[in-house]
Engineer: 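Sharing a structure with you now.
First the proteins, then the strands, lettered A, B, ... as listed; each starts at 1. Predicted model only: the values in this text are computed from it and were never measured.
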There are 2 protein chains.
Amino acid sequence: MARSGADLALLLLGGFRALADAASAELAKRGHENIRPVHDFAIRTIDAGADTASELARQLGVSKQAAAKTIGFLEQRGYVSGEVDPRDSRRRRFTVTDEGHALLRTGEQVFDELRAQWAERIGTTELERLEEALSDLGIRIPTRFDVPGYLTNPPTD
Amino acid sequence: MARSGADLALLLLGGFRALADAASAELAKRGHENIRPVHDFAIRTIDAGADTASELARQLGVSKQAAAKTIGFLEQRGYVSGEVDPRDSRRRRFTVTDEGHALLRTGEQVFDELRAQWAERIGTTELERLEEALSDLGIRIPTRFDVPGYLTNPPTD
DNA sequence: ACGGTTTTGACAACTAGGTTGTCTATAGAC
DNA sequence: GTCTATAGACAACCTAGTTGTCAAAACCGT
């Protein structure tokens, strides 16, 4: 019997949730509490050069205020630190701290470990096949997952 | 080169998003605007017997107020209709209307069509293998996806 | 060098989808 | 018949966003 399309969607969501929740829990154990994918993503984007709130907002496709709030959290937690740009005193330029880089490394590691656990369970071949299939479907890596009510609201684009 | 665990997570999320967004858009075209998976799920749960706000709340694992709000939306849109229980005047008992059943049918159909599109692109075998792999991983179908900021907040359970 | 336009980041007010706590009315139990 | 539990409503709050407004600073064209 063929599965239904709805089941397929829920399997994908369930898979993501399983990974994301496990990763968040594991990160908490390793000293990074309340970290979710969005924070990792934001730090990465800052590290890649989006070093002001406005620029981060543009790169992430959110409002400046939302980006500023995220930066506020990251700064308060010590993952990034910011100083006023001497050449443009409107700007505060942010850099990723050692702690921030440590978070990125740990995050990668945790996800890789989880992936390895999956590979153990169903076999490396099968897992790679799954990834290959999703890639072949042209699934683009989402660049925004910090949309509130994403699952309940209609897409705005 | 082996993919990273983080990419795997994003692929899964991207896959779900692709399906959910396409389904929502297609449902809108067919006369059901602003419908998201959560509404389908709620209607199904009511149809399965959770015919009061409190019962729906329990089944969905959300607060009574959240359930009442969802029911309010569904009622206003004509997908369910409610009357005071003659044997317990505290309760309002809801039933799924014809319109509600039509939405469920259309929703199923839309998802099945999307799945068929995927099957065309990567082959039925490959798609079934993907589903099989996820099932084998013990991914449980999420019963709650109406959590705000789900992707940004730590899990509460 | 001055004046108009753009950009930065902050503030306030709002939305959507949740939460908890309090309350009344009704129902059920001993 | 009182005591307890349940249904649903209301208010207040939370979180992660949004838009609009604004002052200060920077950029640009004449």
Engineer: How many Å lie between CG on B:N34 and P on C:dA16, as a whole number?
Structural biologist: 11 Å

Engineer: Strictly below 4.0 Å: does A:S63 bring a side-chain N or O up to OP1 or OP2 of D:dT18?
Structural biologist: yes

Engineer: Just to verify, what does B:E55 make a side chain to side chain donor-acceptor pair (under 3.5 Å) with, not counting sequence neighbours?
Structural biologist: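 Once residues adjacent in sequence are excluded, the partners of B:E55 under the side chain to side chain donor-acceptor pair (under 3.5 Å) criterion are B:R58, B:Q59.
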
Engineer: Kindly state each residue pair satisfying ring-ring contact (aromatic ring centres under 6.0 Å, His included) with at least one member in residues 110-140 of chain B, sequence neighbours excluded.
Structural biologist: none

Engineer: Applying side-chain contact (heavy atoms from CB on, under 4.5 Å), can you list everything that pairs with B:D85, at least two apart in sequence or on another chain?
Structural biologist: B:R87, B:D88, B:R91, B:R93

Engineer: Per the ring-ring contact (aromatic ring centres under 6.0 Å, His included) rule, what does the pair list look like for residues 48-67 of chain A, sequence neighbours excluded?
Structural biologist: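 Residue pairs with at least one partner in residues 48-67 of chain A: there are none.
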
Engineer: Measure the distance from CG on B:L60 to P on C:dG17 and round it to the nearest whole Å.
Structural biologist: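 Checked: the CG to P distance equals 15 Å.
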
Engineer: For A:R58, answer base if it contacts any base atom (sugar-phosphate contacts may also be present), sugar-phosphate if it contacts only those atoms, and nothing otherwise; contact means non-hydrogen atoms under 4.0 Å.
Structural biologist: sugar-phosphate

Engineer: So, using side-chain contact (heavy atoms from CB on, under 4.5 Å) as the criterion, who are the partners of A:E75 when residues are at least two apart?
Structural biologist: A:V80, A:R92, A:F94

Engineer: Provide, to the nearest angstrom, the distance between the CZ atom belonging to A:R93 and the C1' atom belonging to C:dG9.
Structural biologist: 15 Å

Engineer: Quick one: which residue pairs count as a ring-ring contact (aromatic ring centres under 6.0 Å, His included) with a foot in residues 53-80 of chain B, not counting sequence neighbours?
Structural biologist: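 Only B:H32-B:Y79, B:H39-B:F73 qualify under ring-ring contact (aromatic ring centres under 6.0 Å, His included).
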
Engineer: Just jot down the side-chain contact (heavy atoms from CB on, under 4.5 Å) partners of B:S89, sequence neighbours excluded, or say none.
Structural biologist: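 Once residues adjacent in sequence are excluded, the partners of B:S89 under the side-chain contact (heavy atoms from CB on, under 4.5 Å) criterion are B:V84.
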
Engineer: For DNA chain D, find the residues of residues 43-56 of chain B with a heavy-atom distance under 4.0 Å and give them by number; none if there aren't any.
Structural biologist: B:T52, B:A53, B:S54

Engineer: In whole angstroms, how far is the C1' atom of D:dA11 from the NZ atom of B:K69?
Structural biologist: 12 Å

Engineer: Whole angstroms only, please: what is the CZ-P distance between B:F73 and C:dG18?
Structural biologist: 12 Å

Engineer: Provide the closest heavy-atom pair for A:S135 versus B:L11 in the form atom of the first, atom of the second, distance.
Structural biologist: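 Looking at all heavy atoms of both residues, the shortest contact is OG-CD1, 4.0 Å.
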
Engineer: Let me have a per-nucleotide readout for nucleotides 22-30 of chain C, 5' to 3', with B, S or -, counting only protein heavy atoms under 4.0 Å.
Structural biologist: ---BBS---

